[in-house]
Amino acid sequence: MKVKIPTQLRQLTDGNSELAVESATDLRDLLGQIGASHPDLQERLLDENGEIRRFVNIYVGEEDVRFLDGLETKVPDGTLISILPAVAGG
Amino acid sequence: MSRSAYRSPAIGRRFFYLGVTVAKIEQLQCRECGRSYESAPIYVCDFCFAPLEPVFDYDDIASRISRESIKEGPASIWRYSELLPAPSDRRVDIGAGLTPLLKADRLAAELGISSLYIKNDTANPTHSFKDRVVSVALTVAREMGFDTVSCASTGNLANAVAAHAAKARLRSFVFIPANLEQGMVITTAIYGGNLVAVEGNYDHVNKLCSETAQKGEWGFVNVNLRPFYSEGSKTLAFEVAEQLGWRSPDHVVVPVASGSLLTKFRKGLQEYHKVGILDDAPHTKVHAAQAVGCNPVVAAIKGGTDVIRPVKPDTIAKSLAIGNPADGYYAAAAVSETGGTGEDVTDEEIVSGIRLLASTEGIFAETAGGVTIAALKKMAEAGVFAESETVVALITGMGLKTAEALTGRVGPNFHISGNLDKFEEEMRLLSA
């Protein structure tokens, strides 16, 4: 599956706008896999308690995971994961 | 430019391509971690994703601004240009601002409030407060060299972007939820830009715009231009204080969607004091008004938490229907820090609020105004406003845009043939 990386974080992914992950049990597992290869990236997404940071939105498909099961949200193979800054709109 | 300012690598390339700078603001600063960035079409901190804000030199502004210089300025938001992040001499201006602040004695008597004012922002060019923020944003967009401007909107912003873009000869793409009121759709489409109706609610529209904005090719007023755009809301506070005789009100009731207006109203009062326009530090209690069907900020206020839990909106107040508000955290904090309150109101109460304002003060507000008045009523009933305190309620958009909300609820009292005898008979029945 693909994880879309926002402009603001691409300096941590060698400029890549997408990362590929073969499979993951849930979002926490997926972020853990990304974090293994990009530890700074994970730190930007999760706070000291391991929760999604206040100003970060993560979407599984088109849905904000805060409406799903948060980090326990399932990520079926082939799903598109999007990371976006939360401060937009209004 | 400050050498200490961080230059976002990705955005920096885009900025070089545009080949311009925003003359007035040199730096943006992260509201959370304080990191500085060169002024550019960027909106969040690369490190913590918190919002960026323009950096003003208040000492320098204080040396130039005065009550007299403001009064001698244009009869629009641009009289406050010293505290706006855009150059006044190259402004995109169709006359936003300097709307009436009306003493609302009839409504005050109805609600048991001793001193009540209505800030009537329906009097703006496209009939909502969004003209203020868009006038600033499109001035910046043009300075930055964008030829296309865009936004995600619940309606009022759509109107304002389309109208200002037409005036500025900028191409526009305005994104709205497909189920928006016809009044909002028509009053956007008439200006001739591109109007994109998106299946889904506002939060879906906003996600799409956030993704599109990542390309950096268009100036999204409420995404990559947001640090500049949102500052325009401060002018509501500047005007209210000026119209009250250079003083801040004791209370202000603000309708909340993203939470930006509420936080910037407070910031405006603070800045006015910082640069010497207000003698005393503002003491204004800031109160939040939302619909029960979309109340993430008021729920946080009532729950005594700073965690904003997103909701799926279900309310007739579509212009406030942002389930995941960008500035919700800051709005709740501003309410708490000023000693304010939050109230949420049902759709029935919203309609009653619209009717109450219209029938007492002659002002026809859209559903957001109904939210404000209904919340104001609840606050008055709860004893929030003390005797002799001054209360200001912000009416941010006009009623014709959301007329559907009143369909079947208001209409003719009498239906007669065009005959004098019939009419006089009806009048006799009425007085019987």
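Every chain is numbered from 1 and lettered A, B, ... according to where its sequence line falls, protein lines coming before strand lines.
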*Checking salt bridge (charged side-chain N to carboxylate O under 4.0 Å, His left out) against B/D327, which of B/R226, B/K264, B/R31 comes through?*
B/R226

_chain B contact via A/S82 - which portion, at a heavy-atom distance below 4.5 Å_ = side chain

*With a 4.5 angstrom heavy-atom cut-off, which part of B/V311 approaches chain A: side chain, backbone, both or neither?*
backbone

_Per-residue contact mode, A/E43 against chain B (heavy atom under 4.5 angstrom)_ = neither

_Proximity breakdown for B/A257 and chain A, heavy-atom pairs closer than 4.5 Å_ = neither

_B/A321 backbone acceptor or donor facing B/Q290 side chain under 3.5 Å_ = no

*Contact part of B/N324 toward chain A, heavy-atom cut-off under 4.5 Å: side chain, backbone, both or neither?*
side chain

*Residue selection (most heavy-atom pairs with chain B, distance under 4.5 Å) from A/A86, A/P85, A/G15*: A/P85

*Engaged part of B/F175 at the chain A interface, taking heavy atoms whose separation is under 4.5 Å*: neither

*Of all of B/V223, B/V44, B/L320, which one pairs up most often with chain A through heavy atoms under 4.5 Å apart?*
B/V44

*Do other residues, nucleotides or ligands put more than 12 heavy atoms under 6.0 Å from the CG atom of B/D306?*
yes

*Side chain, backbone, both or neither: which part of B/C48 has a heavy atom under 4.5 Å from chain A?*
backbone

_Check whether B/E53 reaches the backbone of B/Q29 with its side chain - one donor and one acceptor, N or O, closer than 3.5 Å._
no

*Nearest-0.5 Å distance that lies between atom CG in A/N57 and atom CD1 in A/I83*: 11.0 Å

_Distance under 6.0 Å and angle within 45° of ring axis: A/R53 vs B/F49_ = no

*Give, as side chain, backbone, both or neither, the part of B/F220 having an atom under 4.5 angstrom from any heavy atom of chain A.*
neither

*Face-on cation placement of B/K312 at A/F67 ring, 6.0 Å and 45° thresholds*: yes

*Contacting moiety of A/L9, where chain B heavy atoms sit under 4.5 Å*: side chain

*Between B/S260 and chain A, which part of the residue has a heavy atom less than 4.5 Å away: side chain, backbone, both or neither?*
neither

_Working note: B/K267 + B/E231, criterion salt bridge (charged side-chain N to carboxylate O under 4.0 Å, His left out); need CA distance, chi angles, decisive distance, verdict._
CA-CA 9 Å; B/K267 182 181 180 185; B/E231 292 285 298; 2.8 Å; yes

